[in-house]
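Working notes, beginning with the structure itself.
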Amino acid sequence: QVQLVESGGGLVQAGGSLRLSCAASGRIFSSYVMGWFRQAPGKEREFVSAIRWSDGRTYYAGSVKGRFAISRDNAKNTVYLQMNSLKPEDTAVYYCARSTLGIDSGDFGSWGQGTQVTVSS
């Protein structure tokens, strides 16, 4: 059973940056995909970004492409989300997740507890 622990959230002004981290307790096999999702108040959870552990291929939602960057540290079993040029609409709880299948949202079966990101205008 993997445990995912997010950190790095906080309050930032619009235009600022934050880096989220997600540390996985168990081994991340090459077939896995690690992802970030977010949920704003009153809205459904949405996909933000993902990275394929085997080759580092990355995926982004259109709303964050060019502003956010996902990366991984294999030795630390950790995935990061660098968020730049933050906007108030990026305000949400951000969740780290693991998929043992593919990159479809329904493939992610393990989730962290979430970390709050608040962007003030």
Side-chain angles (χ1 to χ4, degrees):
Q1 185 78 7
V2 69
Q3 185 177 11
L4 305 174
V5 179
E6 303 100 332
S7 61
L11 173 64
V12 64
Q13 289 188 334
S17 299
L18 282 175
R19 188 177 82 153
L20 305 183
S21 300
C22 172
S25 61
R27 179 184 171 187
I28 301 177
F29 293 93
S30 60
S31 59
Y32 292 175
V33 176
M34 298 297 295
W36 288 96
F37 291 75
R38 67 186 181 186
Q39 186 167 21
K43 295 186 177 181
E44 293 188 354
R45 187 167 58 194
E46 64 174 357
F47 170 80
V48 175
S49 181
I51 186 165
R52 200 161 61 185
W53 212 254
S54 59
D55 58 6
R57 181 176 178 178
T58 57
Y59 306 84
Y60 296 96
S63 59
V64 306
K65 200 167 187 177
R67 301 187 298 122
F68 290 12
I70 191 170
S71 62
R72 74 194 197 285
D73 185 326
N74 294 43
K76 295 182 178 180
N77 271 4
T78 299
V79 61
Y80 304 98
L81 185 68
Q82 178 68 43
M83 306 185 295
N84 300 323
S85 302
L86 283 162
K87 305 175 182 180
E89 51 263 44
D90 294 318
T91 295
V93 177
Y94 283 70
Y95 297 92
C96 176
R98 185 197 73 176
S99 167
T100 60
L101 300 173
I103 63 165
D104 290 337
S105 295
D107 293 336
F108 289 85
S110 298
W111 297 84
Q113 82 288 352
T115 185
Q116 177 71 46
V117 171
T118 303
V119 184
S120 63
S121 57

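Computed from a predicted model, the values in this text were never measured in an experiment.
Distance check, rounded to the nearest 0.5 Å: CZ of F108 to CE of M34 gives 8.5 Å. The line from OG of S121 to NZ of K87 is 14.0 Å long, rounded to the nearest 0.5 Å. In this structure, OG in S63 is found 10.0 Å from CZ in F47, a value given to the nearest 0.5 Å. Interatomic distance, R98 CZ to S110 OG, rounded to the nearest 0.5 Å: 4.0 Å. Here the CG-CZ distance, from N74 to R72, works out to 4.5 Å after rounding to the nearest 0.5 Å. Taken to the nearest 0.5 Å, the SG atom of C22 stands 5.5 Å off from the CD atom of E6.
In terms of heavy-atom proximity, Q39 sits nearest to K43 at NE2-O, 3.1 Å. Residues Y60 and A69 come closest through the heavy atom pair OH-CA, 3.3 Å. Taking each heavy atom of A24 and L4 in turn, the nearest pair found is CB-CD2, 3.7 Å. Looking at every heavy atom in both residues, T91 comes nearest to A40 through O-CB, 3.6 Å. Of all the heavy atoms in S105 and F37, the pair that sits closest is OG-CE2, 3.6 Å. Here the closest non-hydrogen pair linking W53 and T78 is CH2-O, 3.7 Å.
No donor-acceptor pair under 3.5 Å is formed between the side chain of R52 and the backbone N or O of R57.
A heavy-atom distance below 4.5 Å is found between the side chains of R45 and W111. Residues D90 and R67 have side chains in contact (heavy-atom distance under 4.5 Å, counting atoms from C-beta outward).
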Original post:
Would V119 and M83 count as a side-chain contact (heavy atoms from CB on, under 4.5 Å) if you check the C-alpha gap in whole Å, the side-chain angles of each, and the deciding distance to 0.1 Å?
Top reply: CA-CA 11 Å; V119 184; M83 306 185 295; over 6 Å; no
Subject >> side-chain contact (heavy atoms from CB on, under 4.5 Å) evaluation trace for D107 with V33 >> reply: CA-CA 9 Å; D107 293 336; V33 176; over 6 Å; no
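Hydrophobic clustering, with ILVMFWY side chains joined whenever heavy atoms are under 4.5 angstrom apart, groups Y32 together with I70. Linking ILVMFWY residues whenever their side-chain heavy atoms come closer than 4.5 Å, directly or via other members, places Y94 and V12 in the same cluster. By the rule that hydrophobic residues join a cluster once side-chain heavy atoms approach within less than 4.5 Å of another member, Y95 and L18 end up as members of separate clusters. Y59 and Y80 fall into different hydrophobic clusters, where Ile, Leu, Val, Met, Phe, Trp and Tyr side chains are chained together by heavy-atom contacts under 4.5 Å. Hydrophobic clustering of Ile, Leu, Val, Met, Phe, Trp and Tyr side chains at less than 4.5 Å, counting indirect connections, keeps L81 apart from I103.
Between F68 and the options V48, T58, N84, a side-chain contact (heavy atoms from CB on, under 4.5 Å) holds for only V48.
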